[in-house]
Amino acid sequence: MEPQSIVDFDEEASNPLLRRASPDTESREDAEAGKISSPASSGATALVIFSTLISVLGSYVFGTAVGFSSPAQSGIVNDLGLSIAEYSVFGSIWTIGAMLGAIISGKIADFFGRRVAMGFAELFCLVGWTAISFSQNAWLLDIGRFLAGYGVGILSYVVPVYIAEITPKNLRGAFTAVNQLMICCGGSVMYVIGNFTSWRTLALIGTIPCILQLLGLFLIPESPRWLAKMDKWKECETSLQRLRGANANISQEAAEIIEYTEMLKQLSDTGMIDLFQRKYAHGLIVGVGLMVLQQFGGVNAIAYYASAIFESAGVSSRTGTLAMVVIQVPMTLLGTLLTDKSGRVPLLMISATGTLLGCFLTGLSFLLQDLQLWKDSPLLALIGVLIFTGSFSLGMGGIPWVIMSEIFPINVKGLAGSLVTVVNWFGSWIISYSFNFLTKWISSAGTFFLFSVASGLTIIFVAKLVPETKGRTLEEIQASMVLFTRKS
């Protein structure tokens with residue numbers, strides 16, 4: 001079936017995106033004339049690269065919030081006289097804010113657009129970082145952390161969705177994975193700078209990417225798929241043409257977007273209850289499952305409390321956190337480069353295997369330390385944490401967000417994306433708040449052995465349920481998800 005075949009003549013006459021020759025004919029004629037680039041070999045234009053860089057400043061803000069807690073812990077506790085419980089509240093309250101932000105993230109992004117949603121989120125982050133920097137007591141510190149979390153909750157959904165909707169299918173995985181690369185960079189910069197500056201200065205540094213993104217959002221186009229969903233056909237065509245280049249042939253991609261959008265409009269409005277229909281079951285299971293397993297693998301326990309983990313294992317916190325940075329950034333970059341080459345599923349499998357090994361070695365180190373059986377056990381803890389960090393950065397950090405941005409149809413993407421993001425942040429809150437208590441209740445060794453079990457379950461889950469989305473359009477992926485559910 002030709003991409004435009006379900007749209008009738010009247011719609012073609014009123015819709016500028018559909019007033020085109022057939023994609024195959026136009027592509028062939030224009031290619032012979034040497035006028036346009038082939039859509040099959042779509043590359044990244046300067047605007048796609050620039051738009052991605054502006055959007056992932058939100059991911060960088062996400063990373064700075066993750067990386068702030070560990071280097072700031074001793075300074076905040078000493079300056080404000082916080083107890084372990086009070087600092088646990090500070091470390092975890094931003095995840096409560098993020099959950100609330102995630103709940104409304106889909107609605108804001110669907111109603112106002114992807115750019116407005118990012119700008120709205122950054123205002124909260126900016127106010128939050130400022131409040132943290134100038135706080136003189138625990139309650140203002142917690143309010144600032146909560147506000148920053150609220151903004152990050154929105155950003156964590158809308159950034160990967162925006163990138164997925166503006167990039168060509170052959171580059172979508174790598175570009176969306178830049179989201180995780182920038183989260184990693186933000187956290188790494190905080191780890192490094194936090195070793196040499198005060199926590200108040202560190203919080204002020206956190207405002208810089210917020211301001212840069214707020215300014216940059218005025219310079220990038222809106223998502224063409226969102227514009228099509230809102231019946232803004234001319235703006236959709238203009239945005240798509242800008243993103244693909246003035247001489248690019250956008251007819252086939254435009255026709256696919258329009259056909260899919262028109263098909264979805266024939267469906268009734270979707271509410272939260274409708275999201276649990278059988279046809280969306282596979283997508284929900286995959287999206288929610290990946291986020292739960294990502295968090296219960298222990299990533300945020302290590303990220304938030306890295307300094308405390310290293311100190312309790314007998315390793316210098318400065319040495320440990322700097323070593324994490326050295327491993328984290330190149331491994332995240334490698335994962336970004338491999339996402340569209342090796343595929344999502346193989347990277348997830350390798351990544352989960354590595355996190356299992358890393359947590360097991362860290363737990364074994366604490367066990368040997370408790371039993372006083374090996375004097376070099378602190379070295380084993382360092383090796384375990386570094387293996388976990390590198391492996392997580394390779395796949396489990398970014399690919400669940402890539403897949404989340406790909407698998408849901410646009411008529412439920414806002415609701416489904418919000419739900420998946422809320423689940424992620426709820427898991428993050430559970431782990432970040434309970435980690436200090438778990439290490440006391442079942443010991444540090446037992447805690448890390450639990451994390452390794454979660455990684456083992458991830459391997460099974462990915463092998464059985466997660467689809468490969470490499471090299472397919474968003475419309476193809478979403479149609480296949482529904483087909484899989486019908487067959488199962």
Side-chain angles (χ1 to χ4, degrees), residues 62 65-74 76-77 82-103 138 141-142 145-146 148-150 152-153 156 187 288-313 317 320-321 324 352 355-356 358-367 369-370 381 384-385 388-389 392 396-397 400 420-458:
F62 185 162
V66 171
F68 178 78
S69 296
S70 179
Q73 181 171 356
S74 60
I76 291 176
V77 169
L82 302 186
S83 65
I84 291 177
E86 286 175 324
Y87 193 78
S88 291
V89 170
F90 170 74
S92 62
I93 197 171
W94 86 294
T95 59
I96 298 175
M99 277 189 281
L100 294 176
I103 288 171
L141 192 74
D142 290 342
R145 186 73 165 160
F146 176 86
Y150 183 82
V152 168
S156 62
V288 170
L290 282 175
M291 294 304 181
V292 168
L293 291 167
Q294 181 196 63
Q295 291 303 321
F296 280 78
V299 58
N300 281 325
I302 292 175
Y304 297 159
Y305 304 110
S307 296
I309 292 169
F310 287 129
E311 288 172 2
S312 63
S317 61
T321 53
M324 285 177 64
T355 58
L356 186 157
C359 283
F360 180 80
L361 291 178
T362 306
L364 182 61
S365 168
F366 280 109
L367 180 63
Q369 186 183 61
D370 292 341
V385 170
F388 176 92
T389 300
F392 183 86
M396 279 302 295
V420 169
T421 307
V422 167
V423 168
N424 181 276
W425 284 110
F426 184 65
S428 176
W429 174 76
I430 291 174
I431 297 301
S432 61
Y433 184 74
S434 65
F435 177 73
N436 283 327
F437 300 105
L438 279 174
T439 58
K440 291 182 171 23
W441 295 338
I442 62 172
S443 78
S444 297
T447 301
F448 279 95
F449 287 146
L450 277 179
F451 292 157
S452 66
V453 170
S455 293
L457 294 175
T458 303

M324 and I302: side chain to side chain contact (heavy atoms under 4.5 Å, CB included), yes or no, with the steps?
CA-CA 10 Å; M324 285 177 64; I302 292 175; 4.0 Å; yes
Specify the closest pair of heavy atoms between [X] and [Y], including all atoms of both residues, with the distance to one decimal.
{"X": "W94", "Y": "A65", "result": "CZ3-CB, 3.4 Å"}
{"X": "R145", "Y": "S69", "result": "NH2-OG, 2.6 Å"}
{"X": "P400", "Y": "Q294", "result": "CG-NE2, 4.0 Å"}
{"X": "S428", "Y": "T95", "result": "OG-CG2, 3.3 Å"}
{"X": "G297", "Y": "C359", "result": "O-SG, 3.7 Å"}
{"X": "A445", "Y": "G363", "result": "CB-O, 3.3 Å"}

Rounded distance (nearest 0.5 Å) linking atom [atom1] of [X] with atom [atom2] of [Y]:
{"X": "Y150", "Y": "I93", "atom1": "OH", "atom2": "CD1", "result": "15.0 Å"}
{"X": "N424", "Y": "L293", "atom1": "CG", "atom2": "CG", "result": "11.5 Å"}
{"X": "I96", "Y": "M99", "atom1": "CD1", "atom2": "CE", "result": "5.5 Å"}

For the residue pair [X] and [Y], establish whether any side-chain heavy-atom pair is separated by less than 4.5 Å.
{"X": "L141", "Y": "L82", "result": "yes"}
{"X": "F388", "Y": "T362", "result": "no"}
{"X": "F448", "Y": "L367", "result": "no"}

Residues in side-chain contact (heavy atoms from CB on, under 4.5 Å) contact with [X], at least two apart in sequence or another chain:
{"X": "L450", "result": "I442"}
{"X": "F296", "result": "V292, I430, I431, A454"}
{"X": "S156", "result": "F62, W401, T421, W425"}

Is there any side chain to side chain donor-acceptor pair (under 3.5 Å) pair reaching into residues 442-453, and which pairs are they, with sequence neighbours excluded?
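Qualifying pairs: none.
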With sequence neighbours left out, write down each residue that passes ring-ring contact (aromatic ring centres under 6.0 Å, His included) with F449, or none if nothing qualifies.
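Once residues adjacent in sequence are excluded, the partners of F449 under the ring-ring contact (aromatic ring centres under 6.0 Å, His included) criterion are F360.
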Can you list everything that forms a ring-ring contact (aromatic ring centres under 6.0 Å, His included) with F435? Sequence neighbours excluded, please.
Y305
Step by step, work out the side chain to side chain contact (heavy atoms under 4.5 Å, CB included) result for F310 and V385.
CA-CA 9 Å; F310 287 129; V385 170; 3.7 Å; yes
